[in-house]
Amino acid sequence: MNRIFRFYYDGFRQMTLGRTLWLIIGVKLAIIFLVLKLFFFPNFLKENAGRGNEADYVAKELTERVQK
Amino acid sequence: MLHLLTIDPTAIDWARAQFALTAIYHWLFVPLTLGLGLIMSIMETKYYRTGDAFWRQTAQFWQRLFGINFAMGVATGIILEFEFGTNWSNYSWFVGDIFGAPLAIEGIVAFFMESTFVAVMYFGWEKVSRGFHLASTWLTWLGATISAWWILVANSWMQYPVGCEFNPDTMRNEMTSFLDVALSPFAIDKFCHTVTSAWVIGGVFVVAVSAWYLLKKREAERVMAVKSLRIGAIVGLIAAVLAAITGDESAYKVAEVQPMKLAAMEALYNGGEDQSLTAVAWVNPFQQPDYQNEAEAPLRIAIPNGLSILATRTLHGYVPGVNDLLKGYTREDGTIEPPAQEKMNRGKLAIVALSNYRELCAQEKKADSQELKDQIASSKLQQLAILQENFKYFGYGYIKDEAELVPFIPINFWAFRIMVGLGTLFVLFFAFILFLDWKKKDISSMKWLLLTSIILVPLAYICSESGWLVAEFGRQPWTIQDMLPVGASVSDIGSSAVATTFWLFLALFTALLAVEINIMLKQIKRGLEK
């Protein structure tokens, strides 16, 4: 375990370009998960159908888009 | 009498545009990962076999560029999954675990394989044996390629849904055969074509960067550039030829399972036997042609019997055109493809049967006598039988006008020709470079060739994206072929919300792309300097 830890620890410490890339990855993930997912991409069915009622909701949607 | 309820068409357009934008940007990063990954692994294999420090330095240089692209591309595909949940919730529920399983496998494989071996590749040069390091580099590339496999399995299922059965109680398609889904012939063709085309981008990129060093007369990088250019051209030529072969096989499969897509790609309005393959024709890029009244696209130059060979593997094979597909036709084996109107009627029957079935289920729960329950159970079976008999055409029930069944022909027609034209150019280009190399010509003094090499980089991306445009525009109006059109798949959401996130994505992805290009160019300028 110690060797694996040292492997990663030394690897990260010696990074040069990698630091910039990790920073970009971090900012990108933060934007994707903390901004886009939280504020702009709700789970539509969870919000509109509620847990356990998804099948009924989708059935209504799919059958009422062609209405008798 | 049935009336179609309309969903805000602007919302459908924005949701489609947003998905297209995300997928197109995501696809800017993926092919270079697959293509450059292969070439850097070959470079390192040279180092492993020769022990020459030059190859180690060369492999490290290309791995650095690979890392930049890899870092920029990470997680850009996740946004597509957000969009499924928000914009395409009906679709997401309807596809059930068939779509989720390959994506989940992809996520796990990508995370474990790539994160483990990427770390060894970058951190392990002085710490692990040469053999282990080489294996890690190849496994990084293999992990990315396996990820692509599962994504393409999911995409292929949408184009050719197999290995599933619809359950009207859960309103989901349930997997009946994992192997049928995972090893669908459509998926195999798509994977082979997509991955080999990604290798072409890797080849073009390596040749272009090498050409830049030669153009700039950078002495420190000269040997690396000459040797990399050769390897890039060899990989590029093999990949471009393989992409042509697998593309031909893909077109054959499209003819079998998505004949309307093929008709749109070819602007084939009226089909028949002995069909020629259109080389060029005038199809207005901005307007759907009058396929009902025009015999064929104007100024058409075609290869005799080419399309029959492509689509049927026989010289005289029958290929249906747009109008044949709408009016119905008899196949060579005597089976009849029904007209669109009949499919639309049968689709509506299926939808009504589904509605009745679910209503009966609700009544059954409330029934207070055994006699009533038995009656309802019997009616349920009748409705189920109607649903199953017509489910093949379920999605057609949402189509209001048969014109909706025809994809936008100009995009399919031109994107297909751009893809094939550029693909042919790459075969010739790589073959020419290797010919010059074989003749011991000094490529570094041919300024025009070096400049051409650099110009080909954006063209390689245009070629690759054009392939996706053909694949995705060609299957319209379907999200799942014949089963669910976009109008039924989309969530009941307002268009303004989707439009907002569309512009957000455009800004985010453009920024990412600008950052990637900036860092990439800086690193290329640095060259082999530590």
Side-chain angles (χ1 to χ4, degrees), chain A, chain B residues 1-7 64 67-68 70-72 74-76 78-79 82-83 85-90 92-94 119-120 122-124 127-128 167-172 347-348 351-352 354-355 358 362 394 397-398 484 487-488 491-493 497 500-501 504-505 508 512 515-516 519 523:
Chain A
M1 281 303 284
N2 188 39
R3 283 182 62 194
I4 294 172
F5 173 77
R6 291 298 311 181
F7 178 83
Y8 280 95
Y9 180 75
D10 291 343
F12 279 113
R13 267 190 46 178
Q14 287 160 13
M15 281 191 313
T16 48
L17 170 65
R19 282 189 191 160
T20 312
L21 297 178
W22 272 108
L23 180 69
I24 293 167
I25 291 173
V27 171
K28 181 170 61 173
L29 289 177
I31 293 172
I32 288 175
F33 286 101
L34 301 179
V35 179
L36 293 176
K37 178 63 185 158
L38 275 185
F39 297 106
F40 295 100
F41 286 94
N43 183 325
F44 185 86
L45 281 183
K46 207 172 167 185
E47 287 201 341
N48 290 277
R51 192 175 282 265
N53 299 319
E54 293 93 341
D56 288 334
Y57 183 86
V58 173
K60 195 163 173 278
E61 279 278 304
L62 290 187
T63 53
E64 288 191 358
R65 285 190 191 183
V66 176
Q67 199 183 46
K68 273 189 253 188
Chain B
M1 182 70 179
L2 294 165
H3 301 282
L4 291 168
L5 276 185
T6 48
I7 195 94
R64 197 163 8 123
I68 297 165
F70 189 82
M72 294 300 147
V74 162
T76 50
I78 287 175
I79 296 170
F82 293 171
E83 289 172 32
T86 304
N87 302 345
W88 302 100
S89 59
N90 289 343
S92 293
W93 185 262
F94 192 77
V120 177
Y122 286 111
F123 300 161
K127 294 174 184 164
V128 298
N167 182 342
D169 294 311
T170 60
M171 286 300 293
R172 308 191 92 166
K348 288 181 178 78
I351 294 167
V352 172
L354 172 67
S355 175
R358 290 191 62 89
F394 185 84
Y398 297 98
L484 208 64
S491 307
D492 191 4
I493 44 172
T500 307
T501 43
L504 267 175
F505 283 163
L508 176 68
L512 269 180
V515 169
E516 162 162 13
I519 297 177
Q523 289 302 317

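Just so it is clear: chains get the letters A, B, ... in the order the sequence lines come, proteins before strands, and each one is counted from 1. Atoms considered below: every heavy atom in the structure, side chains included; atoms not considered: hydrogens, waters and symmetry mates.
- Of all residues in residues 46-55 of chain A, those placing a non-hydrogen atom less than 4.5 angstrom from a non-hydrogen atom of chain B are A:Glu54, A:Ala55.
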Q) Checking side chain to side chain contact (heavy atoms under 4.5 Å, CB included) for the pair A:Phe33/B:Ile78: CA distance, chi angles, key distance, verdict? A) CA-CA 10 Å; A:Phe33 286 101; B:Ile78 287 175; 3.8 Å; yes
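- Inter-residue side-chain proximity for A:Met15 and B:Phe123 is flagged as met; some heavy-atom pair is nearer than 4.5 Å.
- Annotation: the span from A:Tyr57 atom OH to B:Asp492 atom CG amounts to 5.5 Å, rounded to 0.5 Å.
- The structure places OG1 of A:Thr20 at 8.5 Å from CD of B:Gln523, a figure rounded to the nearest 0.5 Å.
- Within the 4.5 Å cutoff, side-chain heavy atoms of B:Asn90 are placed close to those of A:Arg65.
- To the nearest 0.5 Å, the span separating CD1 on B:Ile493 from CZ on A:Phe44 amounts to 7.0 Å.
- For the pair B:Met72 and A:Lys28, the tightest heavy-atom approach, listed with the atom from each and the gap, is O-NZ, 2.7 Å.
- Looking at B:Ile79, the atoms closer than 4.5 Å to chain A (heavy atoms on both sides) all sit in the side chain, from C-beta outward.
- Ranked by non-hydrogen atom pairs under 4.5 Å with chain B, the options A:Ile25, A:Asn43, A:Val35, A:Leu17 are led by A:Leu17.
- Evaluation of the side-chain hydrogen bond (donor to acceptor under 3.5 Å, both in side chains) rule for B:Arg358 yields A:Asp56 as partners, not counting sequence neighbours.
- In this structure, the portion of B:Thr170 lying under 4.5 Å from any heavy atom of chain A is its backbone and not its side chain.
- With contacts defined as side-chain heavy-atom distances shorter than 4.5 Å, the pair A:Leu36/B:Phe505 qualifies.
- With a 4.5 Å cut-off on side-chain heavy atoms, A:Ile32 and B:Phe82 count as touching.
- The number of heavy atoms from other shown groups lying within 6.0 Å of CZ (A:Phe12) is above 12.
- Residues A:Asp10 and B:Lys127 meet the side-chain proximity criterion, which asks for heavy atoms closer than 4.5 Å.
- Heavy atoms of other residues, nucleotides or ligands lying less than 6.0 angstrom from NZ of A:Lys37 number more than 12.
- Side chain of B:Tyr398 to main chain of A:Leu62: a donor-acceptor pair is present (N/O by atom type, distance under 3.5 Å, no hydrogens or angles).
- Under the 3.5 Å distance criterion, the side-chain polar atoms of B:Thr86 are matched with a main-chain donor or acceptor of A:Pro42.
- Residues B:Val120 and A:Phe7 are in side-chain contact: their nearest non-hydrogen atoms beyond the backbone lie under 4.5 Å apart.
- Under the 4.5 Å side-chain criterion, counting only non-hydrogen atoms from C-beta, A:Thr63 is not in contact with B:Val352.
- With a threshold of 4.5 angstrom between heavy atoms, B:Ala497 does not approach chain A through any atom at all.
- Both the backbone and the side chain of B:Ile68 come within less than 4.5 Å of a heavy atom in chain A.
- Between the OG1 atom of B:Thr500 and the CZ atom of A:Phe40 there is a distance of 7.0 Å, given to the nearest 0.5 Å.
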